[in-house]
Amino acid sequence: MGVLILFVAIFVALVGSSLNVDTETAVPAVYIFGDSIFDVGTNNFLNDSKARADNKPYGIDFPNSKPTGRFSNGYNTADQIVRLLGLNESPPAYLYLVNNDTENFNSSILKGVNFASGGSGIMEETGKQHFIDVVSMADQIQQFATVHGNILQYLNDTAEATINKSLFLISAGSNDIFDFLLYNVSKNPNFNITREVQEFFNLLRTTYHTHLKNLHNLGARKFGILSVPPVGCVPIVTNGTGHCVNDINTLAALFHIEIGDVLENLSSEFPGMKYSLGNSYAITYDMINNPDPLHLSNVTSACCGNETVIDGVPCGSDTQVCENRSQFLFWDQYHPTEHASRIAAHKLYSGGKEYVAPMNFSLLVQE
Ligand SMILES: *[C@@H]1O[C@H](CO)[C@@H](O)[C@H](O)[C@H]1NC(C)=O
Ligand SMILES: *[C@@H]1O[C@H](CO)[C@@H](O)[C@H](O)[C@H]1NC(C)=O
Ligand SMILES: *[C@@H]1O[C@H](CO)[C@@H](O)[C@H](O)[C@H]1NC(C)=O
Ligand SMILES: *[C@@H]1O[C@H](CO)[C@@H](O)[C@H](O)[C@H]1NC(C)=O
Ligand SMILES: *[C@@H]1O[C@H](CO)[C@@H](O)[C@H](O)[C@H]1NC(C)=O
Ligand SMILES: *[C@@H]1O[C@H](CO)[C@@H](O)[C@H](O)[C@H]1NC(C)=O
Ligand SMILES: *[C@@H]1O[C@H](CO)[C@@H](O)[C@H](O)[C@H]1NC(C)=O
Ligand SMILES: *[C@@H]1O[C@H](CO)[C@@H](O)[C@H](O)[C@H]1NC(C)=O
Ligand SMILES: *[C@@H]1O[C@H](CO)[C@@H](O)[C@H](O)[C@H]1NC(C)=O
Ligand SMILES: *[C@@H]1O[C@H](CO)[C@@H](O)[C@H](O)[C@H]1NC(C)=O
Ligand SMILES: *[C@@H]1O[C@H](CO)[C@@H](O)[C@H](O)[C@H]1NC(C)=O
Ligand SMILES: *[C@@H]1O[C@H](CO)[C@@H](O)[C@H](O)[C@H]1NC(C)=O
């Protein structure tokens, strides 16, 4: 494998269900953290970052065919989730508000902010070797601390009740797995894989626990968390053959269990905390194994990209793009299409316990 960018994501079903999207939003605000599944332009402000999606044909199906930095042909999973909550799209990127929209900063942050950065992970170093610059999860939370301070000043005594009703969305872990495979496993011939995997997950658990605790200290109470999709099935790994690499998928499946433990522990530590854990693994696997009901006809190849290119930027201005994007699971070598993201969001929002537990997002926001 070479260029591991971000990863993939999520999705699945419920085609044909009719959703009642209220004109009122279901929560006062949405604060979004994590990786390229959720990034809506953070990395556009990282001049040296190699994890960028602000070039065509990214965004080809976005309003005005605009490449916004989303790793998608259109709306990404963050957008699709918040659309089900009554918003039009994800709140803006923090770095956009800070750099390009300072006059609206104070009013914008009351409705939400997106801190997610493509290539980042749970661990501080994740993504930095390969993509040079990403905003780590710890730094994203630090940025939220700044936002939190502004909200407190702005709303005074109503701030706490606003933040504790708001939704905190996080997608992370895929890039930690990629980095572990790239920089730990593959570079070390004398590796004891059993022991190293244990250590890897111990580190991930304690680090994720710390991140969530820090958000809790800043008033967060409602968490919508996504685990890792079957990253052994993404086109960059399978070269478009559809033959998934089981060892990689095993790490992704284990990740889901580990994060479930972290969340269970945290919620007993902090009784006011509520969460939904989205099983990105199950959601995506369903799309791969049973694509027909979802009207997906290609779940192996990237719509934009070239399976033969292992290094460099596989999806770019001189790459072919498939005609009917909604038939593809994968937009590029790592990421879902807008259509697949929408399917995933519906599963997260109203799906059963096999996809999201202990409650789905629609119940979480009512809590
Ligand atoms: C990124 O590049 C722009 C345009 O060249 C420049 O204005 C900005 O200061 C740079 N940002 C950083 C963080 O270096
Ligand atoms: C932010 O502002 C800079 C300078 O005005 C501009 O070049 C850049 O395109 C803007 N970025 C976004 C995402 O709007
Ligand atoms: C935002 O609010 C803070 C705190 O009330 C204030 O200090 C700052 O000047 C405001 N910024 C803008 C751009 O209005
Ligand atoms: C918050 O307190 C400041 C200073 O006491 C006051 O100017 C402002 O109007 C208050 N804001 C709200 C939303 O109550
Ligand atoms: C949210 O904050 C309000 C005001 O401080 C408080 O009454 C309420 O119990 C809090 N809810 C949770 C879930 O922490
Ligand atoms: C690898 O590590 C595991 C767990 O620490 C240990 O039980 C096993 O004996 C080790 N294997 C080898 C070949 O050293
Ligand atoms: C991977 O290797 C780096 C050093 O190259 C080390 O700092 C890090 O802790 C290792 N990660 C895991 C999960 O073992
Ligand atoms: C959760 O709590 C149990 C019991 O206190 C502990 O054994 C376990 O290591 C904790 N797990 C995590 C992920 O913190
Ligand atoms: C694209 O694919 C979808 C789903 O299979 C199908 O409903 C639609 O008719 C197709 N559109 C075109 C223009 O082929
Ligand atoms: C998926 O799309 C790729 C690229 O367009 C194509 O080579 C492949 O044959 C398609 N697979 C299926 C099952 O249609
Ligand atoms: C894929 O890349 C190879 C090598 O750069 C090139 O020859 C080929 O035309 C490309 N195929 C597509 C479909 O872009
Ligand atoms: C990837 O698949 C293409 C055909 O689609 C083939 O030409 C190429 O050799 C394969 N690359 C690897 C590394 O297997």
Side-chain angles (χ1 to χ4, degrees), residues 1-4 6-7 28-29 31 34-35 45 91-115 119-132 134 136-139 142-163 166 172-211 218-219 227-228 231-232 247-259 261-262:
M1 284 180 294
V3 160
L4 295 178
L6 337 176
F7 33 95
Y31 300 99
D35 54 34
F45 294 91
Y94 174 78
L95 291 181
Y96 172 79
L97 292 173
V98 166
N99 288 295
N100 283 33
D101 200 24
T102 42
E103 67 272 25
N104 294 316
F105 184 83
N106 283 327
S107 55
S108 292
I109 61 174
L110 302 178
K111 302 214 182 73
V113 181
N114 187 322
F115 304 89
S120 72
I122 294 157
M123 250 87 98
E124 182 61 23
E125 290 309 313
T126 294
K128 290 182 179 171
Q129 286 186 76
H130 196 75
F131 302 115
I132 314 302
V134 303
S136 69
M137 175 91 66
D139 288 347
Q142 197 51 49
Q143 292 172 341
F144 176 70
T146 303
V147 164
H148 177 259
N150 282 308
I151 296 174
L152 286 193
Q153 284 188 17
Y154 207 76
L155 294 181
N156 306 335
D157 36 344
T158 60
E160 191 191 354
T162 303
I163 294 171
S166 296
S174 301
N175 293 314
D176 298 286
I177 290 176
F178 279 137
D179 273 21
F180 176 67
L181 294 170
L182 260 184
Y183 300 113
N184 294 64
V185 177
S186 69
K187 298 242 158 96
N188 192 341
N190 300 318
F191 214 69
N192 178 336
I193 188 78
T194 311
R195 191 181 62 232
E196 296 299 327
V197 166
Q198 271 168 14
E199 281 176 13
F200 171 62
F201 280 120
N202 286 343
L203 209 54
L204 279 187
R205 271 203 313 270
T206 51
T207 311
Y208 215 153
H209 186 274
T210 303
H211 291 322
L218 293 166
S227 59
V228 174
V231 280
D247 288 350
I248 300 181
N249 281 350
T250 300
L251 292 179
L254 283 173
F255 178 87
H256 180 81
I257 296 168
E258 302 283 348
I259 297 310
D261 284 351
V262 171

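What's counted below: heavy atoms across the whole structure, side chains too, no hydrogens, waters or symmetry copies. Quick caveat: nothing in here was measured; it's all calculated off a predicted structure. Counting starts at 1 for both ligands and their atoms, in listed order.
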Quiz prompt | Option among D101, N100, T102 that satisfies the side-chain contact (heavy atoms from CB on, under 4.5 Å) test with N104 | solution =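 Answer to the side-chain contact (heavy atoms from CB on, under 4.5 Å) test with N104 among D101, N100, T102: D101.
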Practice problem: Please answer whether the main-chain N or O of N106 pairs with a side-chain N or O of N150 as donor and acceptor at a distance below 3.5 Å. | Solution: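 No; judged by distance alone, with no hydrogens or angles, the pair does not exist.
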Quiz item: Is there a side-chain contact between N184 and F200, using heavy atoms and a 4.5 Å cut-off?
Solution: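 N184 does not reach F200 side chain to side chain.
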Exercise. Please work out which of the three classes, parallel, tilted or perpendicular, describes the rings of F144 and H148, given edges at 30° and 60°.
Key: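 Because their plane-to-plane angle lies in the 30° to 60° range, the rings of H148 and F144 count as tilted.
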Exercise. Take atom 4 (C) of ligand 7 and look for protein heavy atoms under 4.0 Å from it; say yes if you find one, no if not.
Key: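 So far as the 4.0 Å threshold goes, atom 4 (C) of ligand 7 is out of reach of every protein heavy atom.
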Exercise. Could you tell me the residue and atom name of the protein heavy atom closest to atom 9 (O) of ligand 7, and the distance to it rounded to 0.1 Å?
Key: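 Answer for atom 9 (O) of ligand 7: L203 CD2, 4.4 Å.
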Quiz item: Can you find a heavy atom in the side chain of L251 that is under 4.5 Å from one in the side chain of F201?
Solution: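 In contact.
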Practice problem: List the closest protein heavy-atom neighbour of atom 1 (C) of ligand 7: residue, atom name, distance to the nearest 0.1 Å. | Solution: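 Looking at atom 1 (C) of ligand 7, the protein heavy atom closest to it is N184 ND2, 1.5 Å.
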Self-check item: Per-atom contacts of ligand 6 with R195, taking only distances under 4.0 Å to non-hydrogen atoms
Solution: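 That gives atoms 2 (O), 5 (O) of ligand 6.
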Quiz item: Counting each atom of ligand 3 from 1 as listed, which ones have a heavy atom of Q153 under 4.0 Å away?
Solution: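 Close to Q153: 3 (C), 4 (C), 5 (O).
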Quiz item: Would you say Q198 and ligand 6 have an N/O pair spaced under 3.5 Å apart?
Solution: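 The answer is no, given that Q198 and ligand 6 share no N or O pair closer than 3.5 Å.
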Quiz prompt | Under-4.0 Å protein heavy-atom contact, atom 7 (O) of ligand 7 | solution =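 No, because not a single protein heavy atom sits under 4.0 Å from atom 7 (O) of ligand 7.
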Exercise. Identify, by atom number and element, the atoms of ligand 3 in contact range of T102, meaning under 4.0 Å from any of its heavy atoms.
Key: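 So the atoms of ligand 3 that pass are 13 (C).
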Practice problem: Under the side-chain contact (heavy atoms from CB on, under 4.5 Å) rule, what do F45 and V98 come out as? Steps first, then yes or no, please. | Solution: CA-CA 10 Å; F45 294 91; V98 166; over 6 Å; no
Quiz item: Quick one: which of N106, I151, L97, L152 has a heavy atom closest to atom 2 (O) of ligand 3?
Solution: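 When every heavy atom of N106, I151, L97, L152 is considered, N106 comes closest to atom 2 (O) of ligand 3.
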Practice problem: Starting from atom 13 (C) of ligand 6, find the nearest protein heavy-atom neighbour and note its residue, name and distance. | Solution: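 Minimum-distance protein heavy atom for atom 13 (C) of ligand 6 reads N192 ND2, 4.3 Å.
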Quiz prompt | Shortest non-hydrogen contact between S136 and S120, atoms and distance | solution =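 Here S136 and S120 meet closest at CA-CB, 4.4 Å.
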